[in-house]
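What you see is a predicted model, and the numbers here were worked out from it, not measured in a lab.
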Amino acid sequence: NVAIGLEALGADTQGSRNIAIGNNALLLQNHTTATNSYNIAIGHSAALANTVGVRNVAIGAFTLDADTKGQRSVGIGYAALSAQNFTTATETYNTAVGYEAGNSLTTGIHNVLIGGGAGDALTDADFNIAIGKGALSADTLGSSSIAIGEGALLNQNFTTATAAHNVCVGHATGNQITNGERNVIIGGLAGDGGQTHDDCVIIGYEAGAGALTGHDNTFVGKDAGKAQTSGQANTYIGMNAGENVTTGSVNTFIGSSAGVGNPSNKLTGSNNTAVGQGALQDVEGSGDGNTCIGRDSGTAITTGVSNV
């Protein structure tokens, strides 16, 4: 053992292969039978309350300082994992790196939280990955989400145990989602306006950036579906595809600027299909049920219906 600092590793009688550096580091650890515990605690009060937990790494003041019996946790940074406390021997596999990362987590397991304040409101939540300052920082009981990027999934918050299965990658992606589930959002500011949408795939800078509440939508490309607020089962693929649709459903626009629409009279119609660069690019308002295939096809259609 290595113990440096006032009362560092001061209670243990038979624990071996520990490193405790700092005032009160591993203060309460005490194995009453010969045990190779392999704990590392560096910093003021790091892993202070640990009694028989093993194979933990706590680096930083007050890091992992409440846990008594948790095992295989890594906390690096001031107060990281500072609320974690397992009262029975539990292999937690939590990793928190950054100032106060995961500092409200009590009994959640298998979380990876990296960045200042990442996942810092989670309590009893499992299987989350949050990387970036403030990523997934409001959620308390949501599980199985991935947030990568500063502010990604910033406002997600499930107040009952929920496996959300949201994946958000990019600066501020999905940062207004509160309780939407099963979304995949990739790209800076992508999907950053929606709160409750489910089962959407949004990929591209500012794609799906409106206050989206619909479900089963797929937007791929810069600004694709940017203004969509409601509606379901829309598919927009290509830069600016469906950019000025607001409330339509079951629209399919494939190609750069396909169904881009009019920003002054946004499309509310449904059941439109446009395939090709610029196809149905001027559709607006109540335009509905139009089918246009080929580059720049249907460019004269605005509010028309049922044209082929």
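Counting heavy atoms from C-beta outward, Asn251 and Thr235 have side chains that stay 4.5 Å or more apart. Here the side chains of Asn128 and Ile146 are not in contact, with every heavy-atom distance at 4.5 Å or above. For the pair Asn234 and Gln228, the minimum side-chain heavy-atom distance is below 4.5 Å. Side-chain contact between Leu141 and Asn157: absent, with no pair of heavy atoms (C-beta onward) separated by less than 4.5 Å. Taking 4.5 Å as the limit, every side-chain heavy atom of Thr246 sits out of range of all side-chain heavy atoms of Leu267.
Across Ala152 and Cys168, no two heavy atoms sit closer than the pair CB-O, 4.2 Å. When all heavy atoms of Ser137 and Leu154 are compared, the pair lying nearest together is OG-CD1, 3.2 Å. The nearest pair of heavy atoms linking Ala58 to Ala46 is O-CB, 3.9 Å. Listed here is the closest heavy atom pair of Ala207 and Gly221: CB-O, 3.5 Å. Contact between Ser82 and Ala66 at its shortest, heavy atoms only, is O-CB, 3.3 Å. Considering all non-hydrogen atoms of both residues, Gly53 and Ser37 come closest at O-CB, 4.4 Å.
Residues Tyr205 make up the rest of the hydrophobic cluster containing Leu189, defined by ILVMFWY side-chain heavy atoms closer than 4.5 Å, directly or through other members.
Between the CG atom of Leu280 and the CG atom of Asn272 there is a distance of 5.5 Å, given to the nearest 0.5 Å. Here the OG atom belonging to Ser257 is positioned 9.5 Å from the CG atom belonging to Asp296, to the nearest 0.5 angstrom. Taken from CG in Leu153 to OG1 in Thr173, the straight-line distance is 6.5 Å, to the nearest 0.5 Å. Atom CD in Gln281 sits 10.5 Å away from atom SG in Cys292 (nearest 0.5 Å). Here the straight-line distance linking atom CG of Asn1 with atom CG of Asn18 works out to 5.0 Å at 0.5 Å rounding. The distance from the CG atom of Leu9 to the CD1 atom of Ile19 is 11.0 Å, given to the nearest 0.5 Å.
The main-chain N or O of Gly231 is found under 3.5 Å from a side-chain atom of Asn217 such that the two form a donor-acceptor pair. Asp192 places no side-chain N or O within donor-acceptor distance of the main-chain N or O of Gly174, the cut-off being under 3.5 Å. No donor-acceptor distance shorter than 3.5 angstrom exists from the side chain of Asn262 to the backbone of Asp282, with no hydrogens or angles considered. Using a distance-only test at 3.5 Å, with no hydrogens or angles considered, a donor-acceptor pair links the side chain of Asn94 to the main chain of Gly108. In this structure a side-chain-to-backbone donor-acceptor pair under 3.5 Å is present from Thr90 to Thr88. Side-chain N or O atoms of Gln71 include none that pairs as donor or acceptor with a backbone N or O of Ser73 at under 3.5 Å. Judged purely by atom type and a 3.5 angstrom limit, Thr162 uses its side chain to pair as donor or acceptor with the backbone of Thr160. Not a single donor-acceptor pair under 3.5 Å links the side chain of Asp67 to the backbone N or O of Ala47. Side chain of Gln14 to backbone of Thr32: a donor-acceptor contact under 3.5 angstrom is found. When atom types are taken as modelled, the side chain of Asn175 and the backbone of Gly151 share no donor-acceptor pair closer than 3.5 angstrom.
For the salt bridge (Lys or Arg N to Asp or Glu O under 4.0 Å) test, residues two or more places apart in sequence or in another chain that qualify with Glu91 are Arg72. A search for side chain to side chain contact (heavy atoms under 4.5 Å, CB included) contacts involving Ser16 returns Asn36, not counting sequence neighbours. In this view, Asp223 and Lys226 satisfy the salt bridge (Lys or Arg N to Asp or Glu O under 4.0 Å) rule, not counting sequence neighbours. In terms of the ring-ring contact (aromatic ring centres under 6.0 Å, His included) criterion, residue partners of Tyr236 (sequence neighbours excluded) are, by chain and number, Phe219, Phe253. In this view, Leu6 and Asn23 satisfy the side chain to side chain contact (heavy atoms under 4.5 Å, CB included) rule, not counting sequence neighbours.
No hydrogens or angles considered: a donor-acceptor pair under 3.5 Å links the side chains of Gln29 and Asn50. Remark: the Asn30 side chain and the Thr13 side chain contain an N/O donor-acceptor pair separated by less than 3.5 Å. Under 3.5 Å, the side chains of Thr68 and Asn85 contain a donor-acceptor pair of N or O atoms. Side-chain contact check for Asp216 and Gln232: no donor-acceptor pair (N or O, by modelled atom type) lies under 3.5 Å.
The ring pair (Phe, Tyr, Trp, His ring centres under 6.0 Å) analysis of residues 5-51, with sequence neighbours excluded, yields the pairs His44-Phe62. Screening residues 141-151 for side chain to side chain donor-acceptor pair (under 3.5 Å), with sequence neighbours left out, gives Ser145-Gln156. Applying the side chain to side chain donor-acceptor pair (under 3.5 Å) definition to pairs two or more places apart or across chains, those involving residues 51-65 are Asn39-Asn56.
Cluster annotation: Leu105 is not connected to Phe86 through the hydrophobic network of ILVMFWY side chains, with a link wherever side-chain heavy atoms come within less than 4.5 Å. Linking ILVMFWY side-chain heavy atoms closer than 4.5 Å, directly or via other members, places Ile129 and Val74 in a single hydrophobic cluster. In the hydrophobic cluster analysis, where Ile, Leu, Val, Met, Phe, Trp and Tyr join through side-chain heavy atoms closer than 4.5 angstrom, Leu64 is grouped apart from Tyr93. The hydrophobic clustering, which links ILVMFWY residues whose side-chain heavy atoms are closer than 4.5 Å, places Leu81 and Leu26 apart. Following chains of ILVMFWY side-chain contacts shorter than 4.5 Å, one can reach Val169 starting from Val201, so the two form part of one hydrophobic cluster.
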Donor-acceptor contacts, no H, no angles, side chain residues 298-308, under 3.5 Å, sequence neighbours left out:
unit_1 : atom_1 : unit_2 : atom_2 : d
Asn307 : ND2    : Asn290 : OD1    : 2.9
Asn307 : ND2    : Val305 : O      : 3.4

Please table the atom pairs, donor to acceptor, closer than 3.5 Å between any side-chain atom in residues 177-187 and protein atoms at least two apart or in another chain.
unit_1 : atom_1 : unit_2 : atom_2 : d
Thr178 : OG1    : Gln195 : O      : 3.2
Arg182 : NE     : Asp199 : OD1    : 2.7
Arg182 : NH2    : Asp199 : OD2    : 3.2
Asn183 : OD1    : His197 : ND1    : 3.1
Asn183 : OD1    : Asp199 : N      : 3.3
Asn183 : OD1    : Cys200 : N      : 3.0
Asn183 : ND2    : Asn166 : OD1    : 3.1
Asn183 : ND2    : Glu181 : O      : 3.2
Asn183 : ND2    : His197 : O      : 2.8

Would you give me the side-chain donor-acceptor pairs under 3.5 Å for residues 114-127, sequence neighbours excluded?
unit_1 : atom_1 : unit_2 : atom_2 : d
Thr123 : OG1    : Thr140 : O      : 3.1
Asp124 : OD1    : Thr107 : OG1    : 3.3
Asp126 : OD1    : Ile109 : N      : 2.9

